[in-house]
Amino acid sequence: MWADVGADDPAGPAASDRALWEQAAGGDVAAFGELFGRHAGAVWNYAYRLTGSWSVAEDLTSSTFLTAWRRLGDVTLVNDSARPWLYTVTSNVARREQRRLSRFTGALSRLPRGGVVRDHAEDVAGQVDAGHRLRVVLDAVATLPRAERRAVELCLMGGLSTAEASAVLEITEASVRARISRARSRLRGLLQDTALSALTTEELS
């Protein structure tokens with residue numbers, strides 16, 4: 001969905017994210033394009049898993065990279081990969097969007113209801129069903145304690161390694177694994193194995 005706009009970056013594919021970030025902070029637009037090309041797809045997938053909405057994921061991806069562009073000179077990457085920082089921004093933007101939508105939904109619920117005829121096209125039926133399954137998972141994840149939820153969002157939903165998550169959360173890898181283990185147990189009970197497969201994840205050792 002997101003084009004690899006940085007494929008021909010003069011900096012070369014071997015340049016680390018940290019090096020590209022520093023070049024972009026110095027005004028190298030092509031370096032930022034390489035960062036975008038490397039991570040936009042992953043950020044979109046992460047945003048979709050957080051929200052269950054294709055269109056919202058598009059908006060969140062745009063907002064995440066706009067934030068990155070604005071903060072190039074303010075942020076120093078602590079890892080060679082920019083992905084952990086980008087995921088943190090995406091999570092924060094997603095939470096703000098969720099609060100905004102909750103207020104909007106609450107306002108709508110107070111309006112008088114008229115007769116509404118729903119018209120579903122057959123070619124989106126599968127997407128609706130998949131979106132429903134993902135929403136079940138997201139609702140379950142939302143009930144987790146905050147510490148466990150953040151670990152799930154980063155590792156199970158975002159695909160970060162335990163080392164990357166520990167750097168973002170500022171805890172040990174063992175603590176990340178413990179939170180993931182507790183979260184898995186809670187989710188199995190909440191979901192009763194009906195939708196856990198919707199989380200396409202990197203298995204943690």
Side-chain angles (χ1 to χ4, degrees), residues 16-18 21 35 38-54 56-61 63-65 67-68 71 74-103 130-205:
S16 70
D17 285 359
R18 186 185 301 178
W21 189 280
L35 286 170
R38 287 182 182 183
H39 300 294
V43 169
W44 185 91
N45 285 329
Y46 181 52
Y48 176 71
R49 288 169 180 164
L50 289 177
T51 64
S53 168
W54 289 19
V56 173
E58 294 247 1
D59 292 341
L60 292 182
T61 301
S63 296
T64 294
F65 281 96
T67 299
R71 299 193 60 190
D74 302 329
V75 174
T76 300
L77 297 184
V78 297
N79 300 303
D80 285 335
S81 174
R83 193 165 297 179
W85 186 84
L86 291 170
Y87 279 1
T88 298
V89 173
T90 305
S91 295
N92 293 336
V93 175
R95 289 192 180 91
R96 288 198 297 270
E97 177 67 10
Q98 184 59 46
R99 288 194 293 269
R100 186 187 70 80
L101 289 176
S102 295
R103 291 194 294 269
H132 172 72
R133 291 196 302 272
L134 181 57
R135 174 50 55 189
V136 172
V137 174
L138 294 177
D139 289 344
V141 170
T143 68
L144 295 173
R146 184 178 185 278
E148 294 176 16
R149 186 180 72 248
R150 290 290 289 126
V152 166
E153 289 175 350
L154 292 173
C155 294
L156 298 187
M157 302 174 75
L160 294 188
S161 68
T162 52
E164 291 171 325
S166 69
V168 172
L169 300 174
E170 299 183 336
I171 59 176
T172 65
E173 288 189 56
S175 295
V176 173
R177 291 193 178 95
R179 292 180 183 184
I180 291 293
S181 178
R182 290 194 298 270
R184 284 185 186 277
S185 296
R186 294 181 196 272
L187 288 173
R188 287 191 188 98
L190 291 169
L191 299 171
Q192 297 180 343
D193 296 327
T194 58
L196 196 56
S197 62
L199 291 177
T200 305
T201 68
E202 169 188 302
E203 289 299 324
L204 301 177
S205 58

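Distance CZ/Arg179 to CG/Leu169: 6.0 Å, rounded to 0.5 Å. Considering CH2 of Trp44 and OG1 of Thr90, their distance stands at 13.0 Å, rounded to 0.5 Å. Tyr87 contributes atom OH, which lies 15.0 Å from atom CG of Asn92 (distance to the nearest 0.5 angstrom). Considering CD of Glu164 and CG of Leu154, their distance stands at 9.5 Å, rounded to 0.5 Å. Leu60 contributes atom CG, which lies 8.5 Å from atom OG of Ser53 (distance to the nearest 0.5 angstrom). If you take CG on Leu86 and CG on Leu77, they are separated by 8.0 Å, rounding to the nearest 0.5 Å.
Asp74 meets the salt bridge (Lys or Arg N to Asp or Glu O under 4.0 Å) test with no other residue; sequence neighbours excluded. Taking the salt bridge (Lys or Arg N to Asp or Glu O under 4.0 Å) definition, one finds that Arg83 meets it with nothing, sequence neighbours left out. With sequence neighbours left out, the side-chain hydrogen bond (donor to acceptor under 3.5 Å, both in side chains) criterion links Thr172 to Ser175. Not counting sequence neighbours, Ser185 has no partner by the side-chain hydrogen bond (donor to acceptor under 3.5 Å, both in side chains) test. For the salt bridge (Lys or Arg N to Asp or Glu O under 4.0 Å) test, no residue two or more places apart in sequence or in another chain qualifies with Arg71.
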Please assess Ser81 against His39 for the test side-chain contact (heavy atoms from CB on, under 4.5 Å), listing each intermediate value before the final yes or no.
CA-CA 10 Å; Ser81 174; His39 300 294; 4.1 Å; yes

For Val93 and Asp59, run side-chain contact (heavy atoms from CB on, under 4.5 Å): C-alpha distance rounded to whole Å, both residues' side-chain angles, the deciding distance at 0.1 Å, then the answer.
CA-CA 10 Å; Val93 175; Asp59 292 341; over 6 Å; no

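The heavy-atom pair separating Ile180 from Val152 by the smallest distance is CD1-N, 3.9 Å. Here the closest non-hydrogen pair linking Cys155 and Ser161 is SG-O, 4.1 Å.
Side-chain atoms of Ser181 never come within 3.5 Å of backbone atoms of Arg177 as a donor-acceptor pair (strictly under, hydrogens ignored). Side chain of Trp21 to main chain of Val75: a donor-acceptor pair is present (N/O by atom type, distance under 3.5 Å, no hydrogens or angles).
A 4.5 Å side-chain heavy-atom check between Leu50 and Ser91 finds at least one atom pair inside the cut-off.
Residue pairs that meet the salt bridge (Lys or Arg N to Asp or Glu O under 4.0 Å) test with at least one member in residues 146-160, sequence neighbours left out, are Arg95-Glu153, Glu148-Arg182, Glu148-Arg186, Arg149-Glu153, Arg150-Glu153.
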